[in-house]
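Below is one structure; the comments refer to it alone.
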Amino acid sequence: MAGLTGRMSTVVKAKVSKLLDRAEDPAETLDYSYQKQVEQLQNVKKGIADVVTAKKRLQMQEKTLQQSVVKLDTQARQALSAGNEDLARTALERKNVAQTELQGLDTQVTELEEQQQKLTDSEQKLRAKIEAFRTKKEVIKAQYSAAEAQVRISEAATGVGEQMADVGLAMQRAVDKTENMKARADAVSELEQAGTFDDITQLGGGEDDIDRQLKQLSSQPAVDDDLAKLKSELGQGSGGETPQIAPGGDAGASTPAPPSEGGQS
Amino acid sequence: MIVRISGEDQYRLADEKTAELNELDNAVVSACEGGDEQGYAETFASLLDYVRKNGERVADDELAGSDLILPPADLSFEEAGKAFNGEGLIPD
């Protein structure tokens with residue numbers, strides 16, 4: 001078996017043989033190997049903790065974004081009631097961006113959950129192998145001559161070492177995935193820090209990062225839909241509520257028309 | 001012989017299955033070499049399935065080295081290409 005699988009085996013075997021480098025006295029080698037195994041098990045636990053931390057961070061961002069979506073929606077309504085369609089549109093555009101980010105986050109949280117599960121399974125297997133090694137090393141020490149012991153140590157250590165290499169690989173893959181997520185997480189943080197979600201009065205003012213991003217996005221149709229929907233909702237449901245800025249000005253008694261003349265139903 | 005699927009388990013496969021496994025492996029390699037992503041996904045999945053179905057799972061507390069180690073099931077086409085080009089799946 002050359003190719004893919006052959007190469008994979010070679011890499012793992014190279015890793016395992018590192019564990020056995022210090023092979024002088026069999027008893028010493030056994031204890032040393034075991035000590036290394038326990039150390040590495042600790043590293044695996046740390047690695048899992050890192051994945052959990054990354055997941056929690058993403059989940060917190062999800063929560064923040066969800067709040068932002070609700071807030072922006074409210075702000076869009078307020079703006080529209082007040083007859084400020086531009087402001088309403090901007091709020092809806094931002095809501096759109098936030099929703100897109102939310103979907104991305106959701107996928108990533110699911111992915112991290114899978115990674116976490118895999119790592120936990122691997123860790124349990126590794127723990128079982130290390131435990132088996134601990135028992136076996138005492139048997140080897142007690143029962144075999146130095147020459148025989150070498151052979152058996154090598155067998156046993158390979159069993160553990162391979163599992164270790166396997167966890168190492170799973171860990172590496174989890175770390176790679178987490179790295180990819182950092183970029184998105186940072187983008188979301190920037191979105192929040194831009195302050196856009198906090199103060200509606202700043203909307204429509206100076207152009208910030210978000211504005212530029214928004215212009216690049218082809219979210220226009222979605223935003224138009226949202227806006228139309230909001231208008232019809234407000235048109236029907238606003239009841240006795242009078243907008244603070246009446247469009248016409250002097251025609252006080254008439255029902256305020258929706259801000260746009262365009263036919264929406 | 002003992003075959004490990006990385007990220008999963010070790011399986012004990014009867015020796016007479018080796019030829020079939022080898023064929024499946026060759027199919028993966030040639031799909032990779034031919035740049036056939038769809039073919040890679042299919043052949044790689046059937047290679048792993050073959051081991052899972054025909055092998056007997058090795059107990060977690062059994063200390064045995066594998067004769068063959070297969071990459072993890074979620075190996076992307078790109079990664080498979082890299083593995084094949086000699087960068088290796090496990091960085092040192």
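We use all heavy atoms of the structure for the numbers below, so side chains are in, but hydrogens, waters and symmetry mates are not. Numbers restart at 1 for each chain; the letters A, B, ... are given by sequence-line order, proteins then strands. Model, not experiment: these values are computed from the prediction.
- Taking a cutoff of 4.0 Å between a charged side-chain nitrogen and a carboxylate oxygen, A/Asp73 and A/Lys95 qualify as a salt bridge.
- Residue contact with chain B, scored on non-hydrogen atoms closer than 4.5 Å, involves the backbone and the side chain of A/Lys129 alike.
- Side-chain contact between B/Tyr11 and B/Arg4 is absent, with no heavy atoms from C-beta onward closer than 4.5 Å.
- Electrostatic pairing of A/Lys118 and A/Asp121 does not count as a salt bridge here, judged by no charged N lying under 4.0 Å from a carboxylate O.
- Using a 4.5 Å cut-off between heavy atoms, A/Glu155 touches chain B through its backbone atoms (N, CA, C, O) alone.
- For a residue to count as touching a neighbouring chain, one of its non-hydrogen atoms must lie under 4.5 Å from one of that chain's; by this rule B/Glu8 touches chain A with the backbone only.
- Contacts of A/Gln124 with chain B are absent, with no heavy-atom separation under 4.5 Å from either backbone or side chain.
- The shortest distance between side-chain heavy atoms of A/Leu30 and A/Phe133 falls below 4.5 Å.
- A/Gln66 places none of its side-chain heavy atoms less than 4.5 Å from the side chain of A/Val70.
- Contact of A/Ala156 with chain B is made through backbone and side chain together, with heavy-atom distances under 4.5 Å.
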